[in-house]
Amino acid sequence: MLAPAAVLVVWTLIVMFWIIPSRFGAFGKLEDKSVLAGKEGVRGQDLEGVIPDKANWPAHNHTHLHEQPTLFYAVSVILAIVGAAAIDVTLAWVYVALRILHSLWQILINKIPVRFALFLVSSVVLIVLAVRAVMATAFADPSLAPQ
């Protein structure tokens, strides 16, 4: 049950490093680099509207990987502790695959209808996992717990 979560962590780190060549490459190609001159504490969001939108897509996706997937990590740990069923592990891998597809789509193509569909389907999978985690904990028979 923890392997899918570990894979999503590694994927998040890959996307983090994807930001560097994307943004620096786009900034390096700017003819007028003075747009950020004199600005202290420049952050990634300061590049919005300065470099091409596509160069910011990896950063946008990296942010997304720190939002909903945090719930996935919690659910994964809960299910791992209580004893995940085979369906839980399968759903976890489906969730991770959908999130990776969502990342690739957002970073490379970023057409909203497909991106939203991937988000929606992954959200449904996460909801099912969360409900299963509640069922495995709140409705668990305490007499089955190890003594």
Notebook entry, point to check: V134, L91: one ILVMFWY side-chain cluster at the under-4.5 Å cut-off?
Noted result: no
Note to self: Test your reading of the model: is there a side-chain donor-acceptor pair from D46 to the backbone of R43, 3.5 Å cut-off?
What the structure shows: yes
Check: Do the side chains of I109 and V114 get nearer than 4.5 Å, heavy atoms only?
Finding: no
Check: Among all residues two or more places apart in sequence or in another chain, which pass the ring-ring contact (aromatic ring centres under 6.0 Å, His included) test with H62?
Finding: H66
Next item on the list: Find the distance between OG (S22) and CZ (F17) and round it off to the nearest 0.5 Å.
Entry: 15.0 Å
Check: Quick one: do W93 and V10 end up in the same hydrophobic cluster if we chain Ile, Leu, Val, Met, Phe, Trp and Tyr together by side-chain heavy atoms under 4.5 Å apart?
Finding: yes
Notebook entry, point to check: Does V131 reach the side chain of M135, with side-chain heavy atoms less than 4.5 Å apart?
Noted result: yes
Next item on the list: Report whether I87 and I127 are members of the same hydrophobic cluster (ILVMFWY, side-chain heavy atoms less than 4.5 Å apart, transitive linking).
Entry: no
Item checked: Same apolar cluster (I L V M F W Y, side chains within < 4.5 Å links), V89/L2 -> no
Item checked: Verify same cluster id: L118, W57 (apolar side-chain graph, 4.5 Å) -> no
Next item on the list: Measure the spacing between CD1 of I14 and CD1 of I19 and express it to the nearest 0.5 Å.
Entry: 12.5 Å
Next item on the list: Determine whether V96 and W11 make a side-chain contact, defined as any pair of heavy atoms from C-beta on separated by less than 4.5 Å.
Entry: no
Next item on the list: Calculate, to the nearest 0.5 Å, the distance between atoms CD1 and CG belonging to I51 and L30 respectively.
Entry: 7.5 Å
Note to self: Are the side chains of K29 and P52 in contact, using a 4.5 Å heavy-atom criterion?
What the structure shows: no
Check: At what distance, to the nearest 0.5 angstrom, does CZ of R23 lie from CG of L47?
Finding: 5.5 Å
Notebook entry, point to check: Under 4.5 Å between any side-chain heavy atoms of R132 and V128, yes or no?
Noted result: yes
Check: With a 4.5 Å limit on heavy-atom distance, are the side chains of N61 and W105 in contact?
Finding: no
Item checked: R99 side chain reached by P69 side chain, heavy atoms, under 4.5 Å -> yes
Checklist line | Side chains of F119 and H64 in contact at under 4.5 Å (non-hydrogen atoms) | finding: no
Notebook entry, point to check: Which value, rounded to the nearest 0.5 Å, describes the distance between L104 atom CG and N110 atom CG?
Noted result: 12.0 Å
Next item on the list: Report the distance from atom CG of L126 to atom CG of L98, rounding to the nearest 0.5 Å.
Entry: 11.0 Å
Let me have the donor-acceptor pairs involving side chains of residues 71-84, under 3.5 Å, with sequence neighbours excluded, atom names and distances please.
unit_1, atom_1, unit_2, atom_2, d
S76, OG, F72, O, 2.8

